[in-house]
Amino acid sequence: MARPTPLSGFPELLPSARLVEQHVLDVLREVFELHGFSNIETRAVEPLSVLLRKGEIDKEVYVVRRLQAEAGEESGSSDDLALHFDLTVPFARYVTENAGHLQFPFRRYQIQKVWRGERPQEGRYREFTQADIDVVDRGTLAVHHDADMARVMGEALARLPLPGVTLQVNNRRLVEGFYRGLGLEGDVLTGSIGATMRAVDKLDKVGARGVADLLAQAGLTQAQADGALALAQVRAGAGDLVASVRALGVSHELLDQGLEELLAVLTAVDDLPADRVAVVADLSVARGLDYYTGTVYETRMRGWESLGSICSGGRYDALADDGRDVYPGVGISLGVTRAIIPLLGKGAVRASRPTPTVVVVAVADEAHRRDADRVASALRARGVAAEVSPTAAKFGKQIRFADRRGVPFVWFSQEDGSHEVKDIRSGEQVLADPASWLPPAADLRPTVVLPEA
RNA sequence: GUGGGCGUAGCUCAGCUGGUAGAGCGCCGCGUUGUGGUCGCGGAUGUCGCGGGUUCAAGUCCCGUCGCUCACCCCA
């Protein structure tokens, strides 16, 4: 069979890269659980009607159907199954389905693959892993949860083997109120307010002049466009946010509410290590997804801004609704694949070795393989990952076997029942006992290394 | 979905106005008769993405196709 070519957008990692990814997943799980999030896994598919509920028909959704469809079974109907394209919509469905069994406010984390049929590029994949945290309540959801999401994800980001990040926070109520104060009107999504938000969201890409052009096209007056652009250019911390916005001289009830909420988020994250996770109010951030209502988050890695946001989310006051109750939520989602594959590709992060093995037990000849098995078992019993050499080749080859895969130690057993272990990096070889020998702690497991740092 | 670039050895790539395929690294062997790495010597490896066309002759030119990749759009 001819060698298959890679499938664009469906990345597969080599063992050493996968080790880095697994480390990331381990850290995320640990941090999320420390903050009391329960884990769930939802099925990979949802009825198309659930995924498209928000009217986002343009989503590149993968539909799943049997190769041999039943007679009368047509594709394109709302009953078709489709692969989920995020974890938030399936979570909303899960909440309404299981509301009777859940305690609210419900905190959950979810780390799964998602699928989007978009054109792949660096940092953009068709199959990728997201790590989501969300809090959902019944009726109303207190605002302090908005800050909590930023703090939990910030703590996780600070502990991951990533460059420092900037967590950009904004509030849609603030922005909408500001625009209404400028005299803009209409529906948030379809009217000039929505158009203005989408234009302003491109500030970092097309610049102030580009945004001004877009705003003119959207029919804003010069004064309105100037005001919207001035707001979008605000970058502030907890100390100067209110003054920066007030200085623009616009007032509206919604603006006041949003400003208060945004300030609450900024002041609640002051315990994050600023060198790893800087949290700033960035009033140009709008987010495309239409169901966000208040706080919105985006995250960029310093030095890797071209990847776009690696971690985004926000508040949705009515994402889930079972007809009797409404379930507001707030959450944030880390694009694990987007964050780490580019780093791996450019060598900015790697594993110390590609296998978990610490010791290769040499086999003198096949008649002594069982002896080697017993040595390996004794080592494993104390948590030392050991594998027995696959061949009884010359010792030089067995050492080379270990060296090639970065295994630091090779074990030799003598005919007289004594044992020696060799550190193949230094060449040092010493007497050792299978029942008690341990490697240095730093060698026990593969580690993640940052060559730059 | 729209537009650009690129497909040659395991990897990175060279290959001119057409003349029957190369380098570096890696791999294998020997020097080194059961302790690797360095060094030296030797060796193996290609449907030149695929299909068709032009030609005495195609990796090279033409057409088509598939794949990868970059940008736009959008997003993690």
Side-chain angles (χ1 to χ4, degrees), chain A residues 1-11 14 24 28 56-61 84-89 110-133 153 157 162 165 198 201-202 205-206 210 285-290 292 296-301 304 306-314 331-342 345 360 362-366 368 389 391-415 420-430:
Chain A
M1 179 173 140
R3 188 160 58 148
T5 57
L7 247 187
S8 175
F10 294 85
L14 290 171
V24 167
L28 291 172
E56 304 194 35
I57 319 224
D58 54 79
K59 279 285 179 203
E60 294 284 354
V61 171
H84 55 227
F85 59 82
D86 71 7
L87 300 178
T88 307
V89 172
Q110 199 171 340
I111 303 175
Q112 289 181 237
K113 289 278 172 61
V114 305
W115 294 268
R116 293 183 192 176
E118 297 180 277
R119 272 270 204 278
Q121 271 176 49
E122 177 171 64
R124 275 178 73 177
Y125 309 93
R126 290 174 160 168
E127 176 179 77
F128 60 98
T129 300
Q130 281 194 328
D132 264 49
I133 52 173
M153 192 58 89
L157 289 167
L162 305 176
V165 302
R198 283 189 293 276
D201 198 36
K202 298 183 196 300
K205 210 158 201 172
V206 301
V285 169
R287 311 284 306 125
L289 293 178
D290 62 10
Y292 292 121
V296 289
Y297 317 94
E298 285 199 355
T299 311
R300 290 188 157 69
M301 289 195 287
W304 299 79
S306 64
L307 287 179
S309 176
I310 60 159
C311 185
S312 319
I332 187 165
S333 173
L334 170 65
V336 174
T337 311
R338 167 173 288 185
I340 64 174
I341 287 190
V360 167
V363 177
D365 55 75
E366 288 301 334
H368 288 84
S389 174
T391 66
K394 290 200 287 191
F395 285 147
K397 287 197 179 175
Q398 296 191 49
I399 291 169
R400 193 167 65 184
F401 169 85
D403 190 31
R404 291 259 167 85
R405 49 196 73 196
V407 176
F409 295 96
V410 178
W411 191 280
F412 298 99
S413 300
Q414 264 64 246
E415 202 58 57
E420 294 184 355
V421 66
K422 178 190 185 84
D423 182 331
I424 63 179
R425 294 159 302 189
S426 64
E428 186 188 15
Q429 185 165 330
V430 297

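What you see is a predicted model, and the numbers here were worked out from it, not measured in a lab. In what follows, chains carry the letters A, B, and so on, assigned in the order in which the sequence lines appear, proteins first and then strands, with residues in each chain numbered from 1.
In this structure a side-chain-to-backbone donor-acceptor pair under 3.5 Å is present from A:T337 to A:T129.
For A:Q414, there are no side-chain hydrogen bond (donor to acceptor under 3.5 Å, both in side chains) partners at least two apart in sequence or on another chain. With sequence neighbours left out, A:E118 forms a side-chain hydrogen bond (donor to acceptor under 3.5 Å, both in side chains) with no residue at all. For A:S312, the side-chain hydrogen bond (donor to acceptor under 3.5 Å, both in side chains) criterion is met by A:S309, not counting sequence neighbours. Residues passing the side-chain hydrogen bond (donor to acceptor under 3.5 Å, both in side chains) test with A:R300, sequence neighbours excluded: A:Q168, A:E298. Checked against ring-ring contact (aromatic ring centres under 6.0 Å, His included), A:W304 has no partners two or more places apart in sequence or in another chain. Residues satisfying the side chain to side chain contact (heavy atoms under 4.5 Å, CB included) criterion with A:S426, sequence neighbours excluded, are A:D423, A:E428.
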Quick one: the dot-bracket string of RNA chain B, using Watson-Crick and G-U wobble pairs with both distances under 3.5 Å, [ ] for crossing pairs and | for bases paired to another strand. (((((((..((((.....[..)))).(((((.......))))).....(((((..]....))))))))))))....

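Sorted by first then second residue, the side chain to side chain donor-acceptor pair (under 3.5 Å) pairs that include residues 394-408 of chain A, not counting sequence neighbours, are A:S389-A:Q398.
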Measure all distances between protein nitrogen or oxygen atoms and nitrogen or oxygen atoms of nucleotides 25-27 of chain B, and list the pairs falling under 3.5 Å.
from, atom 1, to, atom 2, distance (Å)
B:rC27, OP1, A:R404, NE, 3.0
B:rC27, OP1, A:R404, NH2, 3.1

Dump every N/O contact between nucleotides 31-35 of chain B and the protein below 3.5 Å, one line per pair.
from, atom 1, to, atom 2, distance (Å)
B:rG34, O6, A:A364, O, 2.7
B:rG34, N1, A:A364, O, 2.3
B:rU35, O2, A:K422, NZ, 3.1
B:rU35, N3, A:Q429, OE1, 3.0
B:rU35, O4, A:Q429, NE2, 3.0

Polar atom pairs (N or O), protein with nucleotides 2-4 of chain B, under 3.5 Å:
from, atom 1, to, atom 2, distance (Å)
B:rU2, O4, A:R119, NE, 3.2

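Whole-Å rounding puts the A:K202 NZ to B:rC72 C1' distance at 10 Å. Distance A:L307 CG to B:rA71 C1': 15 Å, rounded to the nearest Å.
Using a 4.0 Å heavy-atom criterion, one finds that A:Y125 contacts the bases of the nucleic acid, with or without backbone contacts as well.
With B:rG29, B:rA76, B:rC68 as the choices, the nucleotide that has an atom nearest any side-chain atom of A:S8 turns out to be B:rC68.
Taking side-chain N and O atoms only, A:K397 has no distance below 4.0 Å to OP1 or OP2 of B:rC28.
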Protein-to-nucleotide contact annotation, 5' to 3' order, nucleotides 38-44 of chain B [B base; S sugar-phosphate only; - none; under 4.0 Å, heavy atom]: -------

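Annotation for A:E366: atom CD counts as buried by contact number, over 12 foreign heavy atoms lying within 6.0 Å.
Both A:E428 and A:G123 sit near RNA chain B, but only A:E428 has its closest nucleotide nearer the 5' end.
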